[in-house]
There are 2 protein chains.
Amino acid sequence: MAILRPSITTGPDHNISDVPSVVIQRLPLYVRVLAYFEGNEYEMVSSEQLAGRLQMTPAQIRKDLSYFGKFGKQGRGYNVKRLAAELRRILGLDRSWNACLVGVGRLGRAIISYPGFQPEGFRVVAAFDADSALIGSEVGELKVDPLGDIPVKVRRLNIRIGIVAVPAQHAQGVIDRLVDAGIRAILNYAPIAAQVPPNVRVANIDPVLGLQSMTYYLKNARG
Amino acid sequence: MAILRPSITTGPDHNISDVPSVVIQRLPLYVRVLAYFEGNEYEMVSSEQLAGRLQMTPAQIRKDLSYFGKFGKQGRGYNVKRLAAELRRILGLDRSWNACLVGVGRLGRAIISYPGFQPEGFRVVAAFDADSALIGSEVGELKVDPLGDIPVKVRRLNIRIGIVAVPAQHAQGVIDRLVDAGIRAILNYAPIAAQVPPNVRVANIDPVLGLQSMTYYLKNARG
DNA sequence: ATACGCTTGTGATATAAATCACGGCCGGCG
DNA sequence: CGCCGGCCGTGATTTATATCACAAGCGTAT
Ligand SMILES: NC(=O)c1ccc[n+]([C@@H]2O[C@H](COP(=O)([O-])OP(=O)(O)OC[C@H]3O[C@@H](n4cnc5c(N)ncnc54)[C@H](O)[C@@H]3O)[C@@H](O)[C@H]2O)c1
Ligand SMILES: NC(=O)c1ccc[n+]([C@@H]2O[C@H](COP(=O)([O-])OP(=O)(O)OC[C@H]3O[C@@H](n4cnc5c(N)ncnc54)[C@H](O)[C@@H]3O)[C@@H](O)[C@H]2O)c1
C-alpha cells in the first residue's frame, strides 16, 4: 500500500532509465529507514524489518532493490551500512547539491532558514525576487538578487535545483525562467500544475491538496 | 501521467468507498482548475480543456468523474460552476473544517499564520505544545495549550484534523495521542512513516523526499 | 425536421504496479 | 560435512490504473 512518497511530475511522458519512477520515489524512504536502523546499532536488516517500518510488503522492497543489483545475502538480510551507502550513491546523495530560491516572502524566508535541507546535502546558495525593495537586502546569509541574474548565478554557482515560492500567478513564469537557465529539477510550493518540458522534474509541495482529499474520507467516516 | 497529487496514507489496506483513492486525490486538482476557468469567465469546459491544464488525458478526467455521476452534456462539456460545486460537495469542501496544530516551533508558527488554509475552509482553532515555557503564551490569535488538553479541545471545538509539526522522534507519540482523541485525518510535516489504524488518513508533507528522488534524475541527466 | 459537429460516459482493452511463490544460497549447528 | 531455518532475487501471476474507442446525446444550422 502506498506510503509517504512525494509526487514528482515531468512534461509529456519521459522516463530516463527503465526504472519506474514510483520505485525511484521509494528509495529515499529506504534510505531514511536504514538511517533509523543504523542509529539503533543494527548491522543487518531483512526486507521484512524494513517493510514493517514502512507499512509495505517485503517483496516490494526486494523487487525495488533488484532494479539496481543484489545487495542482500540469503538467510541474513542486508548490511545496513552498505545498503544505505549503495542507495545514496544510486540517488546521487553521496554529494551535495546547490539550489536557488525564487520568491523571498514569508515562505521563502522559512525555507532559507529551514535546517532540514543542509544535513541531507542540499544547500540554498542564491535567492531571487522581483520586488526591487528586497533586491540587495540580506536574508539569512544570502543577498537577494534580481531575476535577471538567474542564468549567470545558476552557471557560476553550479545550481541544479530551483525552489519556487512565489504567488501562484507568477509561478509558471518563474519556472519558465529557471528552465531556460538550465535548471532540471524544481521544488514547487505554489499551488499550480506547472508545465515543463519532458526532461524537467517538478516536486510539488501542497498541504492544501492533502487536506482536501482527506475531507472526503472524514465526511464519509463511520468514526 | 502522474500529476501533483499528494500522497495519502492509511493503516493496513482500507478504502471506505469503492472509489480508488488515486481518484479522490485528483479531485482537488479538478476543483482548482475549475476555479481557474471560473475566474476566466468560462461558462463551460470540456474534459479536454481541463486535461490540458493538468497534463493528463481527457479520458481519465471523464472516468474519474463517472465514479460520482454524470455532470456533463454531450457536445458541450461541463458547466464550470456546477461541476466545481459538485466536486466540492463530494469532497466535503462545502463546509469548513477545524484543525489543531501540535508543535508550535518555527514551522508551527508559520502554519498558524499561513493564509492558504482559511480561504479553502480549513481553520486552525487550537495549538498544543509540550514545552511548558510556551504553554499559555499567545501565538497569532491562539493560546498554546498543553498536550493533555487535546481530548477535551478536540471534542469541544469539533476538531477533525490534526497538524503535526514536532521533531521526528516525537511525531509518532503525538500522532497516537491525536488518534486516541478521535482525530481521523492528520497532516504530518515530520519526516516519518507514521503508523496509524486503518481508519485514519495521513497526508505527509516532506520536501526532502522530493529533492532526494529528483537528484536521481539530475545525476543521470543528459542536459 | 434532419443532418452535423462536438463531447460525454463507459465497457473493453492495454499498461503498470504489486504480490506471490519458490529455487537457490547463506551460515550455523550437530 | 551435510542438514536446516531463514531470507534473498525474480519470473509468473494478480491486481490496480490508465487509455481506447464508440454509441448516444446535445445544440445549432440549414
Ligand atoms: N506549499 C506550502 O506549504 C506553502 C506554504 C506557504 C505558502 N505557499 C505558497 O508559496 C507562495 C508564496 O507564499 P508567501 O506566503 O511566501 O507569499 P509572500 O507574498 O509572502 O511572498 C511572495 C514573494 O514572491 C515575490 N514575487 C512575486 N512575484 C515574483 C516574481 N514574478 N518573481 C520573483 N519573485 C516574485 C514577492 O516579491 C514576495 O517576496 C504562494 O504561492 C503560496 O501559495 C505554499
Ligand atoms: N515538511 C516540511 O516542510 C517541514 C519544514 C520544516 C520543518 N519540518 C519538520 O517539522 C518539525 C518541526 O520543525 P521546527 O523547525 O518547527 O522545529 P522546532 O524545534 O522549531 O519546533 C518544534 C516544536 O515542537 C515542540 N515539541 C517537541 N516535542 C513535542 C511533543 N512531544 N509534543 C508536543 N510538542 C512538542 C517543541 O516544544 C517545539 O515548540 C520537524 O519534524 C521538522 O523536520 C518539516
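Lettering of chains follows the sequences in order, A, B, ..., and the numbering in each one begins at 1.
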Rounded to the nearest 0.5 Å, what separation is found between the CZ atom of A:Arg89 and the CG atom of A:Leu91? 10.0 Å
How do A:Val23 and A:Gln74 order along DNA chain C: which one's closest nucleotide is nearer the 5' end? A:Val23
The single option from A:Ile90, A:Leu87, A:Val23 that satisfies side-chain contact (heavy atoms from CB on, under 4.5 Å) with A:Leu65 is A:Leu87
Regarding D:dT17, can its base be found pairing with the side chain of B:Lys63 as donor and acceptor, where the two atoms are less than 3.5 Å apart? no
Among D:dC8, D:dG9, C:dT8, the one nearest A:Ser66 by side-chain distance: D:dG9
Hey, could you give me the OH/CG distance between A:Tyr36 and A:Leu54, rounded to the nearest 0.5 Å? 11.5 Å
Rounded to whole Å, CD of A:Gln60 lies from C1' of D:dC8 at a distance of 16 Å
D:dC8, OP1 or OP2 - any side-chain N/O from A:Ser47 closer than 4.0 Å? yes
Looking only at D:dC7, D:dC26, D:dA18, the nucleotide nearest the B:Arg26 side chain is D:dA18
Measuring from the side chain of A:Arg76 (C-beta onward, heavy atoms only), which nucleotide among D:dT17, C:dG27, D:dT10 has the closest atom? C:dG27
Which whole-number value in Å describes the distance from B:Tyr67 OH to C:dG9 P? 14 Å
In whole Å, what is the span from the CG atom of B:Asn79 to the C1' atom of C:dT8? 15 Å
Taking D:dG9, C:dG9, C:dA17 as options, the one with an atom nearest any side-chain atom of A:Arg62 is D:dG9
Reckon A:Thr57 has a side-chain N or O less than 4.0 Å from the OP1 or OP2 of C:dA18? no
Please tell me whether A:Gln60 and A:Asp64 have a donor and an acceptor in their side chains that are separated by less than 3.5 angstrom. no
Atom pair distance, as rounded to whole Å: CG in A:Asp18 and P in C:dT15: 17 Å
Rounded to whole Å, how long is the line connecting atom CG of A:Leu83 with atom P of D:dC7? 16 Å
Count the heavy atoms belonging to other residues, nucleotides or ligands that lie under 6.0 Å from NZ of A:Lys73, then report whether that count exceeds 12. no
Gap between atoms NZ and P, on A:Lys73 and C:dC26 respectively (whole Å): 9 Å
Separation of B:Glu48 atom CD from D:dC20 atom P, in whole Å? 12 Å
Between atom CG in A:Asp64 and atom P in D:dC8, what is the gap in whole Å? 14 Å
By nearest-heavy-atom nucleotide on DNA chain D, the more 5' of A:Gly77 and B:Ala59 is A:Gly77
